[in-house]
There are 6 protein chains.
Amino acid sequence: MARADGRAPDALRPVRITPNFLEQAEGSALIVFGRTRVLCAASIEERVPPFRAGKGGWLTAEYGMLPRATNTRSAREAVTGKQGGRTVEIQRLIGRSLRAVVDLAAFGERTLTLDCDVIQADGGTRTASITGAFVAAVLAFRSLPASSFVAWPLREAVAAVSVGIIDGTPMLDLPYEEDSRAEVDFNVVMTSSGRFVELQGTAEGEPFGRAAANQLIDLAEGGIRRLFALQLEALGGSYGPM
Amino acid sequence: MARADGRAPDALRPVRITPNFLEQAEGSALIVFGRTRVLCAASIEERVPPFRAGKGGWLTAEYGMLPRATNTRSAREAVTGKQGGRTVEIQRLIGRSLRAVVDLAAFGERTLTLDCDVIQADGGTRTASITGAFVAAVLAFRSLPASSFVAWPLREAVAAVSVGIIDGTPMLDLPYEEDSRAEVDFNVVMTSSGRFVELQGTAEGEPFGRAAANQLIDLAEGGIRRLFALQLEALGGSYGPM
Amino acid sequence: MARADGRAPDALRPVRITPNFLEQAEGSALIVFGRTRVLCAASIEERVPPFRAGKGGWLTAEYGMLPRATNTRSAREAVTGKQGGRTVEIQRLIGRSLRAVVDLAAFGERTLTLDCDVIQADGGTRTASITGAFVAAVLAFRSLPASSFVAWPLREAVAAVSVGIIDGTPMLDLPYEEDSRAEVDFNVVMTSSGRFVELQGTAEGEPFGRAAANQLIDLAEGGIRRLFALQLEALGGSYGPM
Amino acid sequence: MARADGRAPDALRPVRITPNFLEQAEGSALIVFGRTRVLCAASIEERVPPFRAGKGGWLTAEYGMLPRATNTRSAREAVTGKQGGRTVEIQRLIGRSLRAVVDLAAFGERTLTLDCDVIQADGGTRTASITGAFVAAVLAFRSLPASSFVAWPLREAVAAVSVGIIDGTPMLDLPYEEDSRAEVDFNVVMTSSGRFVELQGTAEGEPFGRAAANQLIDLAEGGIRRLFALQLEALGGSYGPM
Amino acid sequence: MARADGRAPDALRPVRITPNFLEQAEGSALIVFGRTRVLCAASIEERVPPFRAGKGGWLTAEYGMLPRATNTRSAREAVTGKQGGRTVEIQRLIGRSLRAVVDLAAFGERTLTLDCDVIQADGGTRTASITGAFVAAVLAFRSLPASSFVAWPLREAVAAVSVGIIDGTPMLDLPYEEDSRAEVDFNVVMTSSGRFVELQGTAEGEPFGRAAANQLIDLAEGGIRRLFALQLEALGGSYGPM
Amino acid sequence: MARADGRAPDALRPVRITPNFLEQAEGSALIVFGRTRVLCAASIEERVPPFRAGKGGWLTAEYGMLPRATNTRSAREAVTGKQGGRTVEIQRLIGRSLRAVVDLAAFGERTLTLDCDVIQADGGTRTASITGAFVAAVLAFRSLPASSFVAWPLREAVAAVSVGIIDGTPMLDLPYEEDSRAEVDFNVVMTSSGRFVELQGTAEGEPFGRAAANQLIDLAEGGIRRLFALQLEALGGSYGPM
């Protein structure tokens with residue numbers, strides 16, 4: 001079955017990561033998956049929230065979407081007065097994913113905030129956010145002298161991709177048009193050691209069986225391995241201090 | 001490794017489902033998993049939200065926790081003025097899970113609202129909510145004459161359970177104390193045909209491999225099959241009209 | 001004039017108080033008046049709000065109603081984003097009523113929070129809340145060693161009931177159907193020494209004269225005396241430490 | 001026992017009612033009790049809220065206090081983002097009191113909104129609000145041709161006063177300094193036929209007996225009768241159309 | 001071209017300033033411009049917000065409008081739950097205008113809050129607020145012994161007026177009816193040394209040229225000079241300590 | 001006096017306008033002034049708000065700043081739950097500025113929403129927003145067939161710039177560092193016919209005289225004329241339909 005953009009079922013959209021997109025943040029990256037563009041900014045503050053006092057550092061994430069990121073304008077959350085359910089769900093996922101690879105004890109009593117703001121949305125914004133936030137986080141760590149840390153505060157890399165079944169065919173990296181037609185939809189968050197941080201599979205129509213789940217996770221693994229290569233390239237070939 | 005309550009790793013806590021716990025709701029059930037107690041109420045209204053007009057019925061869920069459901073009192077969300085991120089995430093999951101087995105077209109232009117309120121919390125409140133909400137939903141459908149529907153609005157049953165790995169051992173149905181120590185934590189939502197609606201696995205510490213994921217899903221499947229039996233018993237042996 | 005449930009005008013509905021309904025709260029009681037069910041939880045925290053620092057303890061109450069406690073579903077206050085006027089009015093009344101019998105100086109620099117959550121509503125939820133909250137409070141005091149207090153922090157008992165005039169007849173303990181037809185409606189909060197903490201009389205239709213007020217207060221007194229007996233029974237025969 | 005301002009226990013503070021204080025409202029009155037000043041505005045709109053459609057008119061009240069009405073500045077409710085519990089309780093009382101004497105069927109499908117805003121507060125703001133709001137309401141009715149109504153939409157007059165026991169002596173119309181020392185505090189809302197709309201008695205310290213309640217209500221009756229005379233004078237000698 | 005009230009284009013409406021309108025505030029003034037009436041209250045608190053600690057005093061302003069200040073009732077901001085955009089804009093302008101003439105270092109570590117509440121609105125409420133708030137501020141400074149300050153905390157006076165072009169004619173001090181027809185609208189805030197704190201000109205219809213701007217500013221200057229005289233009179237002939 | 005970036009006092013920072021920056025909006029432009037970058041999106045909807053029904057079209061603007069647009073991270077307004085005072089003030093200014101040049105009657109019963117989101121902030125974000133929003137608006141008009149309009153809905157162009165006095169020298173287009181040191185600060189919004197839509201001058205320290213105001217407005221005029229040239233270039237040489 002052909003995809004609208006002619007891609008093979010197991011191909012990613014063209015992915016581009018621009019490190020240091022912002023001039024004032026400790027770390028930042030613009031990540032582009034086809035028409036999806038997410039700006040990830042990493043901010044370091046020399047304090048932790050009260051519940052973390054004396055327990056090492058903290059890492060949190062926030063997610064937002066510009067009102068006209070989407071095909072038709074959606075309401076600005078600052079105007080409606082609260083973050084929607086989808087926003088909350090996504091920013092919690094980004095935070096958990098990044099905490100899985102950051103060593104908060106080594107980071108020291110600091111807070112790393114990852115702001116993922118969607119400039120343009122065409123599917124896969126949550127997985128692009130995780131993948132880009134990792135690059136921003138590494139750049140933010142590099143903004144401090146390596147001697148600021150007990151040890152380099154990263155255990156390994158993390159990246160994520162969406163996969164789904166469309167008309168019975170498992171496909172990698174769904175744009176909005178495919179996502180809205182998918183029967184099953186998985187978001188897979190994996191570390192560079194090949195282990196999972198999050199597996200989230202949802203049946204949009206019919207429930208799915210174990211075989212389909214395994215097939216989708218295989219497909220996601222392949223895509224995420226390519227994302228690790230792109231992250232590494234954006235970071236100059238290493239996850240460590242420069 | 002022994003569990004605090006002496007259960008085998010693959011045993012559920014004592015589960016009790018009391019149908020028709022409320023006298024005024026269209027359908028209701030109190031579901032108890034050990035010390036966890038969730039009151040599920042199903043309300044039918046003869047109208048749909050604007051975005052569903054002319055498209056069949058609608059089903060939505062809300063989740064709440066009484067302030068003193070927990071071991072130490074937590075703030076009342078009506079006082080803080082908004083639902084927390086965890087609440088929003090859970091109620092969206094409940095809604096998706098139930099929509100997977102309800103035939104909204106057959107239901108007709110009505111709204112089914114499932115309120116899952118935690119009276120006492122000791123782990124597994126979201127999976128207990130899904131399992132109990134299904135019973136409440138069936139009872140609510142039965143509150144209308146079967147002739148109100150084009151067809152009986154249920155495709156199959158749905159239930160859910162949590163599983164996790166604690167000190168290396170996969171365990172079924174985690175109470176709070178185990179949940180807070182688990183290395184990996186899965187919430188599995190399955191239908192009575194043995195297929196999945198949601199698979200949500202999270203590494204709380206170390207990431208997890210594919211083998212562990214499969215082992216946990218197997219364990220969950222066993223638990224959920226026992227929950228289907230308990231639902232059926234609470235419903236008088238059938239998911240259909242009485 | 002006959003009442004729908006066949007009660008005499010001066011009879012209470014069947015009242016049942018289940019002490020220690022919750023396993024994790026310092027004190028709790030489920031109180032049932034006919035179809036009305038209120039869960040009262042008492043929580044003790046070892047701190048006071050800033051405005052009470054150095055002035056002895058504090059006692060506050062919160063009130064809520066589950067969305068489907070009522071005959072038709074009402075909106076969840078956590079979703080609408082604020083407590084309604086009726087909720088605020090009721091929780092202030094509960095707090096004042098309990099503060100009238102608790103000796104905050106003897107209680108020490110602690111806060112007692114009384115959460116009254118209506119599981120099912122059929123009239124009289126505010127007076128049931130006061131009556132049940134007293135039981136929960138005593139149980140919470142008993143959860144601490146008696147030596148924690150300068151003196152036992154209770155002066156006497158408090159209970160409450162609603163009375164009203166329906167078709168010209170004064171009646172005790174109104175269910176919703178009667179309450180909505182009452183011409184005059186009194187909530188009477190009395191202590192075990194036979195004195196009042198609150199008298200709140202409202203004309204729903206025609207204003208009322210002094211004679212009617214006195215007749216209603218007499219009727220309420222009789223009902224509250226029976227509630228004192230039920231509280232005492234639930235508490236094992238004493239308001240003091242066990 | 002002498003009062004700070006030399007008044008007899010059964011004397012009102014100097015009361016002054018200025019009708020038509022505002023030039024743009026349908027009706028208005030500034031009411032002054034000693035240092036307490038409340039501006040009451042009555043607005044008529046030619047529509048009713050949805051729940052009153054086809055059921056005659058509606059009457060509602062709102063209450064507010066300017067931030068520096070009090071001895072030390074209090075926060076502006078528009079800034080804190082919600083009306084406090086005391087505000088809500090008071091405006092509900094004002095609304096109920098006025099609805100008791102207004103004939104909503106005769107008023108027609110219109111809404112009368114009574115805004116009571118405290119310019120300066122020194123005790124008794126809620127009872128002054130009720131007393132002044134009645135004057136504003138009559139003036140608002142007069143702003144329409146009498147032929148607009150099926151019948152004159154007033155059944156009788158309503159006024160209110162606070163009474164309390166201070167150092168054992170019942171006293172009428174308490175300023176803030178007395179109110180904060182009172183052992184018992186009653187707000188009495190009475191109609192010109194000598195019947196009650198609301199009786200609200202609260203023990204601030206010791207509970208109170210029936211004799212004290214009756215003594216306070218007697219005292220209030222005397223004060224309210226004088227307020228009826230002052231209302232009548234402000235209205236030019238009649239409650240009817242001019 | 002004749003104005004509705006017969007004024008010359010360069011005439012102010014009748015202006016009246018009543019100092020010490022409130023009995024409990026540190027300083028206050030009621031300022032009346034025709035039908036516009038604004039109550040300005042100045043409160044001194046012996047603390048500063050955290051961001052001013054160790055940097056001298058602070059001055060802030062809040063603005064509000066009673067719901068029935070206007071010709072038709074507008075919603076109460078405490079009920080809608082937030083201050084509207086216009087309110088926020090105006091209170092920021094009042095704060096900036098007063099900070100321009102108050103010497104915060106000389107004031108000491110205190111906060112001066114200026115509450116400007118519109119009792120009746122007929123155009124020019126923001127400029128009346130600034131003019132009246134200055135009088136309230138001076139009275140508040142006088143409520144403290146002059147020795148409380150390093151130096152008298154005022155540099156000079158400030159006042160403000162609106163001007164606009166109506167049917168091609170520049171006019172001073174616009175009531176609502178003129179303001180809503182104005183082609184250009186300027187708010188001018190000037191100090192007693194004849195210099196500007198704020199110039200805000202807005203084209204309501206056609207953009208305006210430099211000549212018109214200069215003409216309007218000239219007109220405003222004349223009006224503001226008269227306001228300085230009225231302020232001085234209300235303050236007993238001096239801006240200094242009494 | 002030298003500027004940090006070596007510019008002459010009357011020079012703009014390097015300005016770059018990228019039209020059609022977004023692929024899904026009806027119109028869009030990224031506008032860059034030195035380090036300041038604002039993304040302007042124009043959305044057309046085929047409906048108007050109720051208060052505009054039957055009166056032609058409507059145009060409104062919203063403004064936001066990404067949390068890490070600034071030098072240190074600021075709180076996300078969607079999280080704090082409301083737009084701050086500065087945000088509200090700015091978006092009202094953008095809306096007024098654009099409405100001055102758009103012919104709403106010719107536009108037809110449609111709404112044009114201009115979202116100005118600051119990606120990176122270094123002073124002048126409100127004036128950049130106005131200048132960029134004009135470009136986005138023209139592109140949005142061009143997204144519809146010219147025949148959709150009664151007439152081309154633009155009267156002329158609008159652009160804006162900030163000017164200020166620093167150490168006594170008037171300077172054009174202030175970056176944050178200069179803006180925070182400026183004694184006087186003007187935002188000037190001008191149309192291509194050389195007339196003003198808004199003049200907003202604020203004394204940050206000492207008040208300013210008429211001569212300084214005129215000097216600053218002259219300086220702004222020069223800068224704005226260059227912005228008109230850049231807008232025209234971005235639009236392919238015309239403000240009309242393509």
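Letters A, B, ... mirror the listed sequences (proteins, then strands); counts begin at 1. Computed from a predicted structure; not experimentally measured. Hydrogens, waters and symmetry mates play no part in the numbers below; they use all other heavy atoms, side chains included.
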Top of [options] for chain A proximity - count of heavy-atom pairs under 4.5 angstrom:
{"options": "B:R96, B:K82, B:R155, B:E204", "result": "B:R96"}
{"options": "B:R92, B:M190, B:R99", "result": "B:R92"}
{"options": "B:L199, B:V158, B:T87, B:V88", "result": "B:L199"}
{"options": "B:A203, B:A212, B:P207", "result": "B:P207"}

Contact class of [X] relative to chain B, heavy atoms under 4.5 angstrom:
{"X": "A:N214", "answer": "both"}
{"X": "A:T191", "answer": "side chain"}
{"X": "A:I217", "answer": "both"}
{"X": "A:E156", "answer": "side chain"}

Subject >> Any A:V197 side-chain heavy atom under 4.5 Å of B:F208 side chain >> reply: no
Original post:
Is any side-chain heavy atom of B:F196 closer than 4.5 Å to a side-chain heavy atom of A:V184?
Top reply: no
**OP:** Would you mind checking which part of B:D185 comes under 4.5 Å of any heavy atom in chain A, side chain (CB onward), backbone (N, CA, C, O), both or neither?
**Re:** neither
**OP:** Inspect the contact between B:R210 and A:E221 and indicate whether a charged nitrogen and a carboxylate oxygen are less than 4.0 angstrom apart.
**Re:** yes
Original post:
Among A:Q83, A:E206, A:Q91, A:E198, which residue forms the greatest number of heavy-atom pairs with chain B at distances under 4.5 Å?
Top reply: A:E198
